[in-house]
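Whatever order the structure lists them in is the order used to number ligands and atoms, beginning at 1. From a predicted model like this one, the values you see are computed outputs, not experimental measurements.
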Amino acid sequence: MAAPARTRKTASDKKSSQILTLAIDIGGTGIKAETLDESGKPVTDRHRIPTPKHATPRKVVAIIRKLARACSPFQRVSAGFPGVVKDGVIYTAANLGKGWKGFDLAAALKKKLSAPTRVTNDADIQGLGSVQGTGIELVITLGTGVGSVIFVDGHRIHLELAHHPFHKGRTYEDELGARALKKKGGKRWNRMLEEAIGDLHRMFNYDRLYIGGGNTKHIKIKLPSDVKIVSNLEGLLGGIKLWAEVERNIPPQTE
Ligand code: BGC
């Protein structure tokens, strides 16, 4: 019998031997998805469908199924959600529709997408992809809502600063969310951000503060040297890091 011909590994062989992760970002204005290889490099385009009004679990899961079809194949899923998540179950969803409290999003996606799924808070995902893993690292995100998470030597604790009083009885989200930026303008929003950075430094004594989210493009103030703007790219990497936590045997604190 003739020996099998030696074949060279093609790019698509290489792709298929990788574990591909469908990374989903559920936001207040858009739901985005793309598939990443193990190093966090996108292997598909980034697809986006606007978040519908009154975004209920049923509507959001239907959109994610559509996005997943455009991003196939993948072997596992990670999703960032704009609210409190524990063990894949949603506790709050301030900027989405009704019906989320108690909804097991991880289980629903696992079933509909036929792939193991981890779900955690969106700011936690941004943070996982951004932090160095040493010291006290605070992460905030500025988008529709205001996300927050703190890492101590790489261990994360989800925060919900968004709904805490910050300025004259108004919350961080009232002053720094997308609605405040639109209503009160960039100048005031930047002033509030400067004040918030000072407050957060006094409160957490962080070694580094990372600021992510779509509205970072409106930042005009000079940032202190321990404050860094992080991009979507780091946010994406977080989707992979969420799975790396499983491999490192980190107990599921909030997913
Ligand atoms: C939510 C947070 C979320 C943030 C950014 C806030 O309204 O309470 O959980 O991380 O928005 O989406």
K.L.:
Restricting to non-hydrogen atoms, name the atom on Leu22 and the atom on Leu113 that form the minimum distance, rounded to 0.1 Å.
P.N.:
CD2-CD1, 4.1 Å
K.L.:
Check Asn121 against ligand 1 and report side chain, backbone, both or neither, counting heavy atoms closer than 4.0 Å.
P.N.:
side chain
K.L.:
Would you mind telling me if ligand 1 is within reach of the side chain of Asn95, the backbone, both or neither, using heavy atoms under 4.0 Å?
P.N.:
side chain
K.L.:
Please say which of Glu234, Lys228, Gln126, Glu137 ends up in a side chain to side chain donor-acceptor pair (under 3.5 Å) with Tyr210.
P.N.:
Glu137
K.L.:
Short list, please: which atoms of ligand 1 are under 4.0 Å from a heavy atom of Gly83?
P.N.:
9 (O)
K.L.:
Of all the non-hydrogen atoms in the protein, which one sits nearest to atom 7 (O) of ligand 1, and at what distance?
P.N.:
Glu173 OE1, 2.7 Å
K.L.:
Angle between ring planes, Phe81 versus Trp100, binned at 30° and 60°: parallel, tilted or perpendicular?
P.N.:
tilted
K.L.:
Check this for me - ligand 1, Thr92, N or O atoms closer than 3.5 angstrom, yes or no?
P.N.:
no
K.L.:
For ligand 1, find out whether one of its N or O atoms is nearer than 3.5 Å to an N or O atom of Asp122.
P.N.:
yes
K.L.:
Does the pair Glu34 and Asp45 meet the rule for a side-chain contact (heavy atoms from CB on, under 4.5 Å), with working shown?
P.N.:
CA-CA 6 Å; Glu34 68 191 309; Asp45 286 339; over 6 Å; no
K.L.:
So that I know where these two stand, are His201 and Tyr206 an aromatic pair - ring centroids less than 6.0 Å apart?
P.N.:
yes
K.L.:
What residue and atom, counting heavy atoms only, is the protein's closest point to atom 9 (O) of ligand 1, and at what distance?
P.N.:
Glu160 OE2, 2.5 Å
K.L.:
What atoms of ligand 1 come within less than 4.0 Å of a heavy atom belonging to Gly147?
P.N.:
4 (C), 5 (C), 10 (O)
K.L.:
Would you name the heavy atoms of Gly28 and Leu96 that are closest together and state the gap between them?
P.N.:
CA-CD2, 4.5 Å
K.L.:
Tell me whether Gly143 reaches ligand 1 (any heavy atom closer than 4.0 angstrom to a ligand atom).
P.N.:
no
K.L.:
Which atoms form the tightest heavy-atom contact between Asn121 and Val85, and what is the distance?
P.N.:
N-CG2, 3.9 Å
K.L.:
Could you say whether the N/O atoms of His163 and ligand 1 ever approach to under 3.5 Å?
P.N.:
yes
K.L.:
Should you measure from each heavy atom of Gly145, which atoms of ligand 1 turn up under 4.0 Å away?
P.N.:
5 (C), 11 (O)
K.L.:
Which atoms form the tightest heavy-atom contact between Ile63 and Pro50, and what is the distance?
P.N.:
CD1-O, 4.0 Å
